[in-house]
Structures are given as C-alpha cells and as structure tokens.
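Have a look at the structure below before the remarks.
Just so you know, ligand 1 is whichever comes first in the structure, and atom 1 is the first atom listed for that ligand. What's counted below: heavy atoms across the whole structure, side chains too, no hydrogens, waters or symmetry copies.
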Amino acid sequence: MATVTQVSKAATCPNYVNGQWVESRSGRTLERRNPANRDDLLGPAPLSSREEIREAVEAARRAFPAWRDTPAPVRGKQLLRAAQIMAEEKDELARLLTREEGKTVGESLGEILRTINILEYTAGEARRLTGETLPSELPKNFAYTIRQPLGVVGLITPWNFPIAVPVWKIAPALVCGNTVVWKPSELTPFTSRYVVDILARAGLPAGVLNMVNGAGEEAGDELVEHPAVRALSFTGSCEVGSLIYAKAARQMKKVQCEMGGKNPVVVLEDADLELAATSTVMGAFGSTGQRCTATSRIIVTEAIADKFVQMLLERTRQLKVGNGAEPGTQVGPSVDEAQFNKVQEYLEIGKREGKLLCGGERLRGGAYDKGYFTAPTLFDHVRPDARIAQEEIFGPVLSVIRVKDFDEAVRVASNIRYGLAASIFSTDANRIFQFTDRVECGIVHINSPTVGGEAHVPFGGTKASGLGERETGSTAIDFYTELKIVYVDYTGRKRETNIY
Ligand code: UN1
C-alpha cells in the first residue's frame with residue numbers, strides 16, 4: 001500500500017478510503033492523456049464499483065461521531081495546514097492540472113490561489129459556526145439555534161475546476177463536522193489524487209474524507225442512492241443535476257446542484273468599449289470557454305454594434321492558442337475528444353445560424369494535430385433563439401446578438417433556461433441598477449467579465465443553473481448544517497399561557 005506522501009508521485013490513481021490509499025478492485029480503468037498532446041499518457045484511472053462506494057460510505061459513517069465531536073476550531077486548523085501545503089506545492093500542482101485538464105499554467109495557478117483562499121476563509125469560519133439568540137413572547141424564556149452537521153455527505157465534481165470546486169465543497173462540509181465521500185470527475189483523477197494527498201497530509205483523521213474514482217452512472221449513482229448519504233452537492237450538467245435531484249428527493253436528501261450557464265454580456269452605447277471588448281474576450285475564451293460562468297452571448301445595441309464587433313474581432317484573432325504549459329499561451333485545448341467533437345458540431349450549427357467572423361474550425365498542423373484545439377470563434381447576427389445562443393457549448397465560441405435598445409437587451413439576456421452570471425458594460429448608473437434588478441441570474445458583474453468569484457462570497461445561479469443553497473461564503477455553511485432550535489424556560493413554574 002502506498003503511503004500518503006508517496007501517492008502524488010505514483011503512476012496509478014488509488015482510491016482513498018478510511019485513511020488508506022487502496023487500488024480499485026473493479027479491474028476497469030479509463031486512460032487519461034494530456035489533451036494538448038495525446039502522446040503524453042498520464043496513466044489509467046479506475047472506474048470503481050458500487051461496492052467500493054459502499055465501503056467508503058461505511059468508513060465515513062464510522063468516522064462521523066468522533067469528527068462531529070471534535071471542536072470546530074480544531075477541524076478548521078486542518079484546513080489551514082492544507083492551505084499551507086498547497087501554497088508550497090502550487091507550481092507542481094499547477095503543472096499537473098495543466099497537463100491533465102489543458103488550461104494554461106496561469107489559469108491553473110489562479111485556480112490554486114482561489115482554492116487556498118477558500119481553505120483559509122473556511123478555516124476561519126470554523127470559529128464562527130454561530131446560531132441566533134431570540135427573545136421570547138414569555139417572561140424568563142428565550143430561544144436559540146445551534147448548527148449541527150448532517151452526517152455523511154456525497155460530493156460529485158467536474159473536471160473543469162478539479163481543485164477549486166471540490167475544495168469549496170469539502171472544506172465547508174468538514175468544518176461543519178460532516179464526513180465526506182467524494183467522487184471526482186473521471187477526466188481529472190490525477191489532480192484529484194493530489195488534492196486528497198494534500199488534505200491527508202494536513203492530518204485529517206481516517207474516514208473523514210474518502211475519495212472514490214469512477215463514472216457517474218455507477219459510482220456516482222451509488223452515492224446518490226446510498227441511504228446513509230444525507231446530502232449531495234453536485235457540480236456538472238443540468239441533465240445529470242435533474243436526475244440527482246429526482247433520485248435524492250425519494251430519500252428526502254438535501255441537494256445542492258451547480259449546473260450550466262449561457263452567460264450574457266450586455267454592452268450599451270455609453271460603455272467604455274475598450275474595457276468591454278477586452279473583458280469580454282477574456283471571459284469568453286479564457287479557460288477555453290470551459291467554465292460554467294464563461295461569456296457566451298454578447299448582447300449589444302445596434303448603434304454601437306459594428307464598432308464593438310470590430311473591436312472583439314481584432315482581439316479574438318490575436319489570441320494565442322496552444323499547449324497551456326507553454327509561456328504565452330492564452331487558450332488551451334478542449335479537455336477530451338467528446339468535448340472537442342461537441343464544439344465542432346456547434347461550429348457547424350453556428351455557420352447555419354449566424355455569420356462566422358473568425359475561427360469556426362479546428363486548428364491543424366504541427367503540435368495542433370496532437371491535441372484538441374479549436375480556433376477562437378466569433379459569430380455575428382445570431383438570433384436570440386438560435387441554438388448557439390441558447391445551448392451551452394463549453395468551448396471557445398462567442399455569439400453576438402444585436403438588439404435595438406436597453407429593454408430588449410434585458411429581455412434577451414433573461415429569455416433562456418439558464419441563469420448563472422450576467423455582465424453589463426455601461427456608465428449609466430440608472431440603467432446598471434435597473435439591469436441588476438431585472439436580469440434573471442444568480443451573479444451580476446458590473447463593468448467586469450462574467451467569470452470568477454471570491455472565496456467568501458456566495459456563488460451560484462437560478463433556473464436551470466442552480467438549485468439549493470448557494471455555494472461558498474456563508475451560504476455554504478447553511479447547506480452543510482441543520483439548524484436545531486432550542487426553547488429555554490427558566491421560570492421554574494408551570495406555564496400559565498401557551499406559546500402559539
Ligand atoms: C468560476 O468561474 O468562478 O463549473 C468558477 C464551473 C463552476 C466554477 C466556476 N462551477 O465552471
């Protein structure tokens with residue numbers, strides 16, 4: 001059996017159950033290769049069985065009473081240690097993330113720094129797991145609330161932020177006193193292994209955090225169905241999110257789903273167009289568009305549309321696409337063949353639905369032939385109800401929708417099943433706040449891109465983008481705790497009046 005300090009160097013991806021690294025017994029694996037260079041093999045990752053999930057849930061169940069009874073500030077200190085280890089090893093972790101997922105090293109480091117912030121913030125929250133004290137309707141009475149953990153929680157996470165998203169679930173779950181079974185994406189097993197290795201080295205007791213690699217249909221499904229798992233936090237597609245919600249409902253499990261987006265940027269005549277164009281290109285093509293908060297729709301008023309589209313085009317054409325490990329690269333590859341093929345299909349749909357201004361095809365020749373590279377693509381004159389304006393592509397594709405005025409811009413921004421993030425670029429305070437009030441989404445950015453979020457601020461969407469409490473910030477603590485209400489009567493006498 002590998003020890004925890006060896007595992008991040010090992011060639012395989014064992015599961016982590018009850019404080020031990022254990023090789024999966026399923027005999028089934030998925031091969032993981034660098035999406036920028038298919039010749040670069042990371043290694044096989046196991047597709048674990050339902051039985052292996054059950055063992056992990058059992059380990060988490062057994063570890064729960066002692067972890068629940070560990071003082072919260074002590075639980076928090078373990079996260080601080082993990083933050084320190086992650087900071088010391090950030091360059092090695094960033095190289096691995098880029099090699100496995102494809103984002104640029106700068107983006108990988110950004111994700112890691114955000115994760116360190118989340119660990120530090122959540123460690124501090126351990127000292128603030130507060131309730132309320134409330135006066136009573138009766139004399140010599142009062143009421144108060146306390147937060148209690150839920151028990152075993154199941155976490156299912158995606159490949160596009162394989163460090164930050166898992167940690168923004170694991171950290172609050174643990175600080176609140178829950179124990180965890182985590183099923184990471186099968187596309188980023190090596191990065192997940194490193195994340196667990198860091199948390200294990202920080203000193204988490206056996207069974208408190210368990211990780212089982214595997215596919216959603218089997219390992220993920222077992223986690224959703226297992227009766228000992230009391231809450232599920234999922235980040236991924238709407239299709240899978242709604243399946244999880246329906247299944248979990250039958251067992252009255254608490255559910256939090258963070259799903260897709262089709263995030264608009266509205267640009268008005270009075271905007272700083274330089275700022276709007278530069279921010280939009282970054283929000284659309286950064287992370288290769290593989291981000292639930294990526295900008296995928298530009299909604300621009302007719303009066304400035306030609307000028308603004310020209311500015312977007314100049315910036316889009318200049319983007320340097322390539323292997324994210326190479327300095328200067330701004331846009332990496334799609335994560336795998338399936339994602340790449342999906343993007344190519346949408347390019348063809350887009351050519352029928354809009355006017356192609358640049359990109360529109362895979363990149364070929366030299367190193368491009370070894371990876372999943374697509375030229376950053378801009379479509380103009382896209383109708384608001386076109387498929388490329390309504391469906392999440394998760395690739396480097398941006399659609400321009402022209403509208404006549406502000407009111408139409410707000411309508412178009414909201415007229416979609418998704419509701420994660422939206423931006424407005426304008427210098428008119430009245431219209432900025434009218435937009436903020438009316439647009440249907442969870443996060444509004446004013447004069448800044450649709451992407452990103454801070455460690456201590458809630459994050460999440462509405463409609464098909466989000467379900468349950470917001471993640472991160474104070475609302476994460478709400479999700480991972482139950483509130484117990486306590487009534488105290490210190491009269492020492494039988495009640496003469498009732499409370500209603
Ligand atoms: C961000 O853009 O701030 O899957 C992070 C996703 C999100 C994380 C986005 N859950 O892209």
For ligand 1, which atoms sit closer than 4.0 Å to a heavy atom of [X]?
X	result
Arg114	1 (C), 3 (O), 5 (C)
Thr235	4 (O), 10 (N)
Thr293	1 (C), 2 (O)
Phe459	3 (O), 9 (C)
Asn160	4 (O), 6 (C), 11 (O)

Please say whether [X] places an N or O atom under 3.5 Å from an N or O atom belonging to ligand 1.
X	result
Trp168	no
Cys292	yes
Gly452	yes

Would you indicate whether Arg383, at its atom CZ, is surrounded by more than 12 heavy atoms from other residues, nucleotides or ligands within a distance under 6.0 Å? no
Rounded distance (nearest 0.5 Å) linking atom CZ of Phe373 with atom CD of Glu361: 15.0 Å
Run the ring-centre check on Trp168 versus Phe161 and record whether the distance is less than 6.0 Å. no
Ser465 versus Lys262, side-chain donor and acceptor atoms under 3.5 Å: no
Between Thr295 and Thr450, do the side chains contain an N or O donor and an N or O acceptor separated by less than 3.5 Å? yes
Out of Leu398, Leu357, Leu356, which residue meets the side chain to side chain contact (heavy atoms under 4.5 Å, CB included) rule with Thr377? Leu356
Using heavy-atom distances only, which candidate in Arg291, Glu111, Glu258, Glu471 approaches atom 10 (N) of ligand 1 most closely? Glu258
Which of parallel (below 30°), tilted (30 to 60°) and perpendicular (above 60°) describes Phe394 and Trp159? perpendicular
